[in-house]
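Here's the structure we're looking at; comments come further down.
Only heavy atoms go into these numbers, but all of them, side chains included; no hydrogens, no water, no symmetry mates. What you see is a predicted model, and the numbers here were worked out from it, not measured in a lab.
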2 protein chains.
Amino acid sequence: MSTGVNLKELAAELKLSPSTVSRALNDSYEISEATKKKVISMAEKLNYQPNPFARSLRENKSKTIAVVIPERMSNFFSKVVDGIEEVTQEHGYHLLVYCTHEDVDREKKIVNLLMNGRADAIVMSVSSQTSDISHLTRLHERGFPLVFFDRICPAIPTTKFITNDYESGFEGTKHLIQQGCRKIAFLMLSKELSITKERHRGYLDALRQAGLSPEPQLNITCCQEEEENIESIRKLLTGPNRPDGILSSVEKLALATYHAVKRTDLKIPNDLKIISFFSNLSIASLLNPSLTTITQPAFSIGEECAKLLIKKLTKPRQPDLPNQVITIPSHITIRSSTIVL
Amino acid sequence: MSTGVNLKELAAELKLSPSTVSRALNDSYEISEATKKKVISMAEKLNYQPNPFARSLRENKSKTIAVVIPERMSNFFSKVVDGIEEVTQEHGYHLLVYCTHEDVDREKKIVNLLMNGRADAIVMSVSSQTSDISHLTRLHERGFPLVFFDRICPAIPTTKFITNDYESGFEGTKHLIQQGCRKIAFLMLSKELSITKERHRGYLDALRQAGLSPEPQLNITCCQEEEENIESIRKLLTGPNRPDGILSSVEKLALATYHAVKRTDLKIPNDLKIISFFSNLSIASLLNPSLTTITQPAFSIGEECAKLLIKKLTKPRQPDLPNQVITIPSHITIRSSTIVL
DNA sequence: CTGAAAGCGCTTACAG
DNA sequence: CTGAAAGCGCTTACAG
């Protein structure tokens, strides 16, 4: 690729030294206004674009942030990335986006590649398969700015953005109980995830508060294969210990449940009520019956992650990212999947 | 961020020159196997990672590909990006992903920023608002490797990947006609897009072949606001010239149609049949009634774009990307939204 | 087979 | 207010 004119050529054209031109373009106080004007207008005329790698090499920063997510085909993660981009773009940052496909090995490879400084910071949501976190520990111990959201890593002392998962699990379960459910199944992606644990804690506490006994058989851990998930759920729904309510901690398992129900004689909400963490509201209301949802503020989460990192990266002498958990609340929207008319 | 050890330090540790170490790591034929082994093992021990910017500066390539899409909250575009990543990751390439949000100004800004060599190539799908293409022409004329998919720019002589849009439009319309539709509405995002034009041509030809007259009032151009789209469609459905069939050239307009129908007394498929370009098959079959879809091979499209670029970028002395249109066929899946039982 | 030197395109401490 | 020089960390033509 032929990059256009470089600093030296621009300087020659202006009969100035590269030093002066560089300073003028970077709006240094050492340069007269007259020179700055001349330089800037010539730079525009010749369409001068500084070489980003020369600059990165020199300044030891890349103006790039890496985003690592477990999947792209998810409204939630797409919205988070949109939120991140909204903030970072304004500050001239670029986004490298990587998808782990819920695979720790891929996650490790990606994280290790990022160790070389290609990005100035990482914002990530870990894969559901992640239990060994040595790659993340190493990254953080090297002083690499790292922020987690949603699928956070509690053991790593940095800033994490989550939603009020305990409360959502509690309130979601309570809502099902209020609608008459007595046997409530909890669908999850992985027991290892801290958000799953939180949501599950909320679920258990709501059961206990209502005097219901938690039944481990009603907890289903799902996999990556949609068809397999549908079948596990179908079996649960047609088995001896059949639930009358489902709390799904993942968007895709709500869809799998709808598919599973279609393979039975059951009717939502009469025979089975369902509430799910779900981001795509347009689709939630088109499902049949429309789905009661717990919606996380995905866009805001992205924005907050980005704002924090931009502050850290653009202001001089910023301290390390504080070891704290920032909670942005979700909201529940009740629709037909939990209400018998 | 503290990058680890550099080449010079690694060389010192090995009591070799940086030149030799560099060559050994790059597996040069000039270096003895013994030395290579020593170097590689020490590099691993010290966890040496070459500085990507020094390398990019030196070699004038970034090992990065930029992807520019009009929206992230789309199953189609997400899958394409997944396909691109699948191929590029294997070759050590990184992906900068930018979203234009269907806004030409944002698109121009992004494209102009990419002019400086931050990425070695661009794969993009233009915004529905794009009519002035000077930014793209300039990019291409500078010799920048550029590939289009789906929302292509016919005027720019490079490789474009599309689906058989004319045929899909034709077959989709024909299917509606066979199911008894006589007044078929065509929903689109923008008349400017070449894929819209192709799909629309197919639609018109199918009408003509069936002896039906194309009615311009049955062509609806939509916007970015979901609510606004729903209302335009609702008005169409309740107006004097009410359609009995809809061909939606965009996923989101199929959803808007379902929402619009819910605001009327109409029943799908009895009063209105609908077929749509749609990528999320799990959701298509959960809609009520399930949606007849035209599905584009999104993942393959991504893979093909990436394969072409990788070939161009990794092999020496490759010619310019050929000015050709490569068609990968879509497939139609008939579901309940077009079939009266 | 190995090394010394130049250079990719910037920025900035140092000098004037 | 401006310029000459050094250096960021690599790779590779040149020399031996």
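More than 12 heavy atoms of other shown residues, nucleotides or ligands fall within 6.0 angstrom of atom NZ in B/K312.
The distance from atom CD of A/Q49 to atom P of C/dC10 is 11 Å, rounded to the nearest whole Å. Rounded to whole Å, the distance from CG on B/N60 to C1' on C/dG9 is 10 Å. To the nearest angstrom, P of C/dG9 lies 13 Å from CG of B/N116. Here C/dT12 presents its P atom at 12 Å from CG of A/L7, a figure rounded to the nearest Å. The distance between atom CZ of A/R55 and atom P of D/dG9, rounded to the nearest whole Å, is 18 Å. Atom OH in B/Y29 sits about 14 Å away from atom P in C/dT2, given to the nearest Å. At whole-Å resolution of the value, CG in B/D27 and P in C/dC1 are 13 Å apart. Between the P atom of D/dC10 and the NZ atom of B/K61 lies a distance of 17 Å, rounded to the nearest Å.
Between the side chains of B/S128 and B/E102, at least one donor-acceptor pair of N or O atoms lies under 3.5 Å. Side-chain N/O atoms of B/S17 and B/T20 include a donor and acceptor closer than 3.5 Å.
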Protein proximity profile, nucleotides 3-8 of chain C - base contact B, sugar-phosphate-only contact S, no contact -, cut-off 4.0 Å on heavy atoms | BBBBBB
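Classified by interplanar angle (parallel below 30°, tilted 30° to 60°, perpendicular above 60°), the ring pair B/F53/A/F53 is parallel. The aromatic rings of A/F76 and A/F149 lie tilted to each other, with the angle between the two planes from 30° to 60°.
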Begin with the C-alpha distance, continue with both residues' side-chain angles, and end with the deciding distance and a verdict on salt bridge (Lys or Arg N to Asp or Glu O under 4.0 Å) for A/K45 and A/E13.
-> CA-CA 11 Å; A/K45 188 180 151 202; A/E13 195 68 34; 5.7 Å; no
Pair B/K63-B/D120, salt bridge (Lys or Arg N to Asp or Glu O under 4.0 Å): steps then yes or no = CA-CA 7 Å; B/K63 280 275 198 177; B/D120 295 335; over 6 Å; no
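For C/dC10, one of the phosphate oxygens OP1 or OP2 lies less than 4.0 angstrom from a side-chain nitrogen or oxygen of A/Y48.
Shown here for A/V5 and A/Y48, the closest heavy-atom pair between the two residues is O-CD1, 3.4 Å.
When base pairs are accepted only as Watson-Crick or G-U wobble with both N-N or N-O distances under 3.5 Å, DNA chain D takes part in stems of 3 or more pairs at C:1-3 with D:14-16, C:5-12 with D:5-12, C:14-16 with D:1-3.
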Between side-chain atoms of residues 106-114 of chain A and protein atoms elsewhere (two or more places apart, or another chain), which donor-acceptor pairs fall under 3.5 Å?
unit_1	atom_1	unit_2	atom_2	d
A/R106	NH2	B/E86	OE1	3.3
A/R106	NH2	B/Q89	OE1	3.1
A/E107	OE1	A/S127	N	2.8
A/E107	OE1	A/T130	OG1	3.1
A/E107	OE2	A/T130	OG1	3.1
A/E107	OE2	A/H135	NE2	2.9
A/K108	NZ	A/D132	OD2	2.3
A/N112	OD1	A/R138	NH2	3.2
A/N112	ND2	A/K108	O	3.1

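Distance noted for atom C1' between C/dT12 and C/dG16: 16 Å (whole Å).
If you check every strand for non-hydrogen atoms under 4.0 Å, B/S28 touches nothing. B/T35 comes within 4.0 angstrom of the backbone, heavy atoms only, and of no base.
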